Protein chains: 2
Amino acid sequence: MEPNRPYHHGNLRQALLDQATTALRDEGVDALSLRELARAVGVSHAAPRRHFPDRQALLDALAIEGFERLGADIRAAASDGRDVDFEPTLQRCAHAYVTFATTDAALLELMFAGKHTDSVDSAADQSFAPILELILRGQAEGVFEHGDPERVGLMLLSTIHGIAALRNAGMIQPEQLDWLVDDAIAHFLRGSRDVVTHGVDGA
Amino acid sequence: MEPNRPYHHGNLRQALLDQATTALRDEGVDALSLRELARAVGVSHAAPRRHFPDRQALLDALAIEGFERLGADIRAAASDGRDVDFEPTLQRCAHAYVTFATTDAALLELMFAGKHTDSVDSAADQSFAPILELILRGQAEGVFEHGDPERVGLMLLSTIHGIAALRNAGMIQPEQLDWLVDDAIAHFLRGSRDVVTHGVDGA
DNA sequence: ACCTGAACACCGTTCAAGT
DNA sequence: ACCTGAACACCGTTCAAGT
């Protein structure tokens with residue numbers, strides 16, 4: 001829309017990332033080619049190189065954007081009803097995670113592929129921070145399982161992530177999804193009946 | 001070694017699968033090319049097509065072999081001490097799962113990629129059968145969490161798989177792995193209280 | 001039945017050259 | 001600084017042809 005941009009874009013980098021995000025959702029990782037991205041954006045096949053030295057750099061950037069969006073989704077779910085009960089807040093966060101994970105399954109795989117650089121790792125830490133905060137709050141209120149928050153957080157994350165992964169693998173059916181997430185949350189709460197052991201009662 | 005085999009192999013299919021398994025472990029999925037496989041096995045680049053119509057067919061076959069091996073590993077862990085306590089048996093199974101998953105991280109991704117055919121799904125079901133059996137036994141003995149075994153099984157599987165996935169993504173450190181798995185198991189047991197707190201020393 | 005060899009379309013990556 | 005266009009090596013897939 002501007003008159004004097006160099007060739008085609010003021011911001012080729014973001015245009016490529018946006019196009020890649022769509023293509024990733026529609027076609028999967030394997031179908032994601034730098035050449036086709038360049039074509040779709042209207043630029044020569046060598047142009048992306050200025051912004052992403054190789055294909056992996058593009059994938060890393062996508063993963064970082066993914067973690068940022070995931071973190072924002074979780075944060076939104078957490079602050080949505082900060083003034084109310086702990087359990088539904090935690091549930092909203094978990095469902096936000098699973099919704100993200102199932103909506104952008106290919107992106108999720110990318111984010112957890114583990115081939116990425118340090119910058120991706122720190123983006124991941126950022127996105128999980130609100131979960132840790134929530135756990136601390138739950139422990140302070142006495143409704144969440146005790147123990148080292150770091151480890152309990154990894155445990156909760158593992159469970160929710162595992163549910164999402166099994167769903168994306170087709171091993172969990174859509175109808176089971178919400179149930180399982182709520183069960184998983186209940187597993188980590190103190191005092192809400194028969195979840196693990198059966199909690200509260202003395203002995 | 002035989003004198004009169006057609007060109008190079010009596011069993012090209014298995015030779016390709018074996019080579020692929022090694023390459024997968026050493027180089028990852030992206031580096032897995034049919035042409036290089038054919039080369040490594042000493043056959044023309046078009047030869048694999050008789051056995052695997054396309055690349056995905058090879059990946060599916062690898063996934064099936066993976067599930068068979070995983071199932072065998074779990075079954076071995078389960079029957080290793082069938083006559084002793086339930087908890088250590090379950091722990092051995094879970095550790096077998098995680099060991100498999102972290103040793104063959106790329107293969108695990110393939111197995112849970114979800115793009116595969118029905119034959120892969122049934123192989124997956126087969127490999128998880130011993131877990132379900134074990135849960136039934138644990139419930140009968142009254143030491144394992146109650147509830148629909150199908151759902152509790154998915155829950156347990158999600159948790160263990162999630163731990164393995166986060167480990168492969170680099171978000172869980174090697175030293176934390178065993179701890180987390182044992183904690184996860186304890187989470188599903190009845191009567192062994194306050195699992196994730198600090199366990200060993202008296203209250 | 002099983003494999004070969006050439007061919008096609010596509011890709012990631014590189015680099016001299018343009019503006 | 002940012003992009004183009006040609007070039008290179010590699011790949012998956014196809015198919016007529018060999019044994």
Side-chain angles (χ1 to χ4, degrees), chain A residues 1-24 26-63 106 109-110 113 115-117 120, chain B residues 1-24 26-63 106 109-110 113 115-117 120:
Chain A
M1 294 147 180
E2 307 305 327
N4 60 343
R5 50 215 145 76
Y7 288 80
H8 271 105
H9 292 87
N11 196 351
L12 177 56
R13 185 191 144 90
Q14 194 56 47
L16 288 168
L17 282 176
D18 292 345
Q19 181 65 29
T21 303
T22 311
L24 190 58
D26 295 345
E27 318 264 7
V29 220
D30 295 340
L32 205 68
S33 93
L34 288 177
R35 283 179 110 108
E36 187 173 331
L37 249 41
R39 229 177 285 135
V41 151
V43 87
S44 97
H45 67 261
R49 184 141 225 287
R50 293 292 133 192
H51 305 279
F52 306 105
D54 57 16
R55 197 184 116 106
Q56 186 58 45
L58 188 264
L59 299 186
D60 283 1
L62 284 174
E109 260 191 66
L110 230 60
K115 295 288 275 182
H116 41 242
T117 59
V120 181
Chain B
M1 293 145 181
E2 307 305 328
N4 61 343
R5 52 218 143 78
Y7 288 79
H8 270 106
H9 291 88
N11 196 351
L12 176 56
R13 184 190 145 89
Q14 194 56 46
L16 288 167
L17 283 176
D18 292 347
Q19 182 65 29
T21 302
T22 310
L24 190 58
D26 294 346
E27 317 263 8
V29 219
D30 295 341
L32 204 68
S33 94
L34 289 176
R35 282 179 112 108
E36 187 174 329
L37 250 39
R39 228 176 286 135
V41 150
V43 86
S44 95
H45 66 262
R49 182 140 226 286
R50 294 291 133 192
H51 304 280
F52 306 105
D54 57 16
R55 197 184 116 108
Q56 187 58 47
L58 187 263
L59 298 185
D60 284 0
L62 283 174
E109 261 192 63
L110 232 59
K115 296 289 277 181
H116 42 242
T117 61
V120 180

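Model, not experiment: these values are computed from the prediction. Within every chain, numbering begins at 1; the chains are lettered A, B, ... in the order of the sequence lines, protein sequences first and strands thereafter.
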Exercise for review: Without swapping roles, check the side chain of R55(B) against the backbone of L32(B) for a donor-acceptor pair under 3.5 Å.
Suggested key: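 Yes, because the side chain of R55(B) sits within donor-acceptor range (under 3.5 Å) of the backbone of L32(B).
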Could you check how far [atom1] of [X] sits from [atom2] of [N], rounded to whole Å?
X: L34(B); N: dG12(D); atom1: CG; atom2: C1'; answer: 7 Å
X: L58(A); N: dT13(C); atom1: CG; atom2: P; answer: 10 Å
X: L12(A); N: dT4(D); atom1: CG; atom2: C1'; answer: 13 Å
X: R49(A); N: dA16(C); atom1: CZ; atom2: C1'; answer: 14 Å
X: L59(B); N: dC11(D); atom1: CG; atom2: P; answer: 15 Å
X: D30(A); N: dC10(C); atom1: CG; atom2: P; answer: 17 Å
X: R35(A); N: dC11(C); atom1: CZ; atom2: P; answer: 7 Å
X: Q56(A); N: dT13(C); atom1: CD; atom2: C1'; answer: 15 Å

Point to revise | Separation between CG of L110(A) and CG of L62(A), rounded to the nearest 0.5 Å | key: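 If we round to the nearest 0.5 Å, L110(A):CG and L62(A):CG are 6.0 Å apart.
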Point to revise | Among dC11(C), dC3(D), dC3(C), the one nearest R39(A) by side-chain distance | key: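 Taking heavy atoms from C-beta onward, the closest nucleotide is dC11(C).
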Review point. Any stems for DNA chain C, made of 3 or more Watson-Crick or G-U pairs in a row, each with both distances under 3.5 Å?
Key: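 Detected stem regions: C:4-8 with D:12-16, C:12-16 with D:4-8.
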Would you mind reporting whether [Y] and [X] have side-chain heavy atoms less than 4.5 Å apart?
X: D18(B); Y: V41(B); answer: no
X: L37(A); Y: L58(A); answer: yes
X: H45(B); Y: R39(B); answer: no

Check your understanding: Mapping E36(A) and A46(A) to their closest nucleotides on DNA chain C, which lands nearer the 5' end?
Key ->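 Counting from the 5' end, the first nearest nucleotide belongs to E36(A).
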Review point. Quick one: does R50(B) reach the base of dT4(C) with a side-chain donor-acceptor pair under 3.5 Å?
Key: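 Check fails, no donor-acceptor contact within cut-off.
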Review point. Can a side chain N or O of H45(A) be found less than 4.0 Å away from OP1 or OP2 on dC10(C)?
Key: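 Answer is no, no contact under 4.0 Å.
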Review point. Contact class for R55(B) vs. all strands (heavy atom < 4.0 Å): base, sugar-phosphate, or nothing?
Key: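 Sugar-phosphate, backbone atoms only, no base.
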Check your understanding: Reckon S44(A) touches a base, only the sugar-phosphate, or nothing at all at heavy-atom distances under 4.0 Å?
Key ->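 Answer is base: heavy atoms of S44(A) come under 4.0 Å of a base.
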